[in-house]
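Okay, structure first, notes after.
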Amino acid sequence: MIKIKDAVEKIRTSKYKFFFAIAVIVLVLAVILAINLTLNQKPNSEDGYRFVIAVCQQNLETFEELTFKNDIEKRAISHPDVNILFYSAGGNLERQALQIEEALAFEPNCIIASCDEPEALEKSFAVVRERGIKLVATGTSGSVAVSDVMIRTDYYDIGRQIAKFAANKKLGPVFLEVQSEARTAKARELQSGFRSIIESYPEILSPYIVVGKSTYTTAQKRIVESGMLSVSPSVNSVFAHSDETLLGAARAFGKKNSPKIIGVCVSSVKSECLRELAASSITAVAAIPSGGSEAFDCALGLLNGSPVNEEYVLPIKVLTSDDAAKYLREMEEQK
């Protein structure tokens, strides 16, 4: 068998020397071109992606936040040319600001970012806008951010609607408020909206607050430890701020104490709160979309040059036990 080295030498010294030289030149040029293309290739073009969207959330841990992520992923299935990058700051606003700037290294066409406390992200948002990158912000009714689109959850109005339901159904008279996090924009707006209505009903009181944190087991434990199960005058109604605190209250009080439990939950076929509502363990909820589908649709609309509203307020639907089963069926059919 002729060795490769000998074969090359034979060709080099043969009458095909000219063609061999041409082949070497073509090969060298091809290598140089390949290296150049690799060095100058943008992340957007890798794997055939047309767009890169970075999702920079303050958290991706609660049911609401995970549903937000899942809703974006479900929308993205129909758009294989869109690459989604997810970032979670673990509740730390400074880390979220850094992650937004880190995401710029991947040259995203659009950034979706939560901004319940927009002041902390002002500088990062300014960098995004300076680079001509589209920005979709999600936040509360009080959030003000310089963005292409602002998607709001009006927690103040949700608090008011829940309070109106409580007043009309003569719930109370003593409420326990179970917040998912203290001193957040969401907690402030829900509490303000709720109290703006019940202050017109002197027979309804809301003197107790428990902070339940981000899991229903923590919420359940904190309610029990607070002594709310035996406090006098007895707590006979609960206003819970999230899926986790709703479930925690339902588990803590159980059927024996059976207070009227109302609160806020995410519209999702996976929602345990809606199933508890259908089973009458929970009295009523204000159901809201996660905002993930809306955020993705707005981002894609901006990138495709389609007309997109600058502001979008997520719809609220107050549901009772009588509505829950039908509502779940309708969502299953829309999957």
Check whether the side chains of [X] and [Y] place a donor and an acceptor atom closer than 3.5 Å, and report yes or no.
{"X": "T320", "Y": "D323", "answer": "yes"}
{"X": "Y327", "Y": "S267", "answer": "yes"}
{"X": "D71", "Y": "S290", "answer": "yes"}
{"X": "D157", "Y": "Q161", "answer": "yes"}

Are any non-hydrogen side-chain atoms of [X] and [Y] less than 4.5 angstrom apart?
{"X": "Q191", "Y": "I209", "answer": "yes"}
{"X": "F106", "Y": "N83", "answer": "no"}
{"X": "P289", "Y": "P315", "answer": "yes"}
{"X": "P173", "Y": "I204", "answer": "no"}
{"X": "M150", "Y": "C115", "answer": "yes"}

Once side-chain hydrogen bond (donor to acceptor under 3.5 Å, both in side chains) is applied, do any residues pair with E244, and if so which ones, sequence neighbours excluded?
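Expected list: none.
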Please list, chain by chain and in numerical order, all residues satisfying side-chain hydrogen bond (donor to acceptor under 3.5 Å, both in side chains) with E61, sequence neighbours excluded.
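Checked E61 against side-chain hydrogen bond (donor to acceptor under 3.5 Å, both in side chains); zero matches.
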Any chance you could lay out the side chain to side chain contact (heavy atoms under 4.5 Å, CB included) test for V266 and F68, step after step, and finish with the verdict?
CA-CA 9 Å; V266 179; F68 181 91; over 6 Å; no
Within one Ile-Leu-Val-Met-Phe-Trp-Tyr cluster: [X] and [Y], side-chain cutoff 4.5 Å:
{"X": "Y208", "Y": "I198", "result": "no"}
{"X": "I288", "Y": "F165", "result": "yes"}
{"X": "F86", "Y": "L303", "result": "yes"}
{"X": "V308", "Y": "I112", "result": "yes"}

With side chain to side chain contact (heavy atoms under 4.5 Å, CB included) as the criterion, how do L246 and I261 come out once you've worked through the C-alpha distance, each side chain's angles and the decisive distance to 0.1 Å?
CA-CA 7 Å; L246 272 167; I261 300 173; 3.7 Å; yes
What's the verdict on side chain to side chain contact (heavy atoms under 4.5 Å, CB included) for S237 and K260, showing C-alpha distance, side-chain angles and the deciding distance?
CA-CA 5 Å; S237 295; K260 302 298 182 183; 3.9 Å; yes
Set of ring pair (Phe, Tyr, Trp, His ring centres under 6.0 Å) partners for F194, sequence neighbours left out:
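Applying ring pair (Phe, Tyr, Trp, His ring centres under 6.0 Å) to F194 gives F175, F239.
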Who are the ring pair (Phe, Tyr, Trp, His ring centres under 6.0 Å) partners of Y155, not counting sequence neighbours?
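For Y155 there are no ring pair (Phe, Tyr, Trp, His ring centres under 6.0 Å) partners, ignoring immediate neighbours.
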Are any of the side-chain nitrogens in E64 or K69 under 4.0 Å away from the carboxylate oxygens of its partner?
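Result for this pair is no, no salt bridge flagged.
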N-O pairing of R160 and E189 below 4.0 Å:
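So R160 does not pair with E189 through a salt bridge.
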Determine, stepwise, if the pair E177 / H241 fulfils side-chain hydrogen bond (donor to acceptor under 3.5 Å, both in side chains).
CA-CA 8 Å; E177 184 178 344; H241 285 199; 2.9 Å; yes
Residue pair E272, R251: steps toward the salt bridge (Lys or Arg N to Asp or Glu O under 4.0 Å) verdict:
CA-CA 12 Å; E272 285 188 58; R251 303 286 196 276; 3.4 Å; yes
Let me check something: any side-chain donor-acceptor pairs from residues 123-138 under 3.5 Å, sequence neighbours excluded? List them with distances.
| residue | atom | partner | partner atom | Å |
| --- | --- | --- | --- | --- |
| S124 | OG | A97 | O | 3.1 |
| S124 | OG | E101 | OE2 | 3.1 |
| R129 | NH1 | V146 | O | 3.4 |

Salt bridge (Lys or Arg N to Asp or Glu O under 4.0 Å) partners of residues 288-314, not counting sequence neighbours, each pair once:
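Applying salt bridge (Lys or Arg N to Asp or Glu O under 4.0 Å) to every pair that reaches into residues 288-314, excluding sequence neighbours, yields R75-D297, R152-E311.
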Assess whether atom CG of N309 is packed by more than 12 heavy atoms of other residues, nucleotides or ligands within 6.0 Å.
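Count not over threshold, so no.
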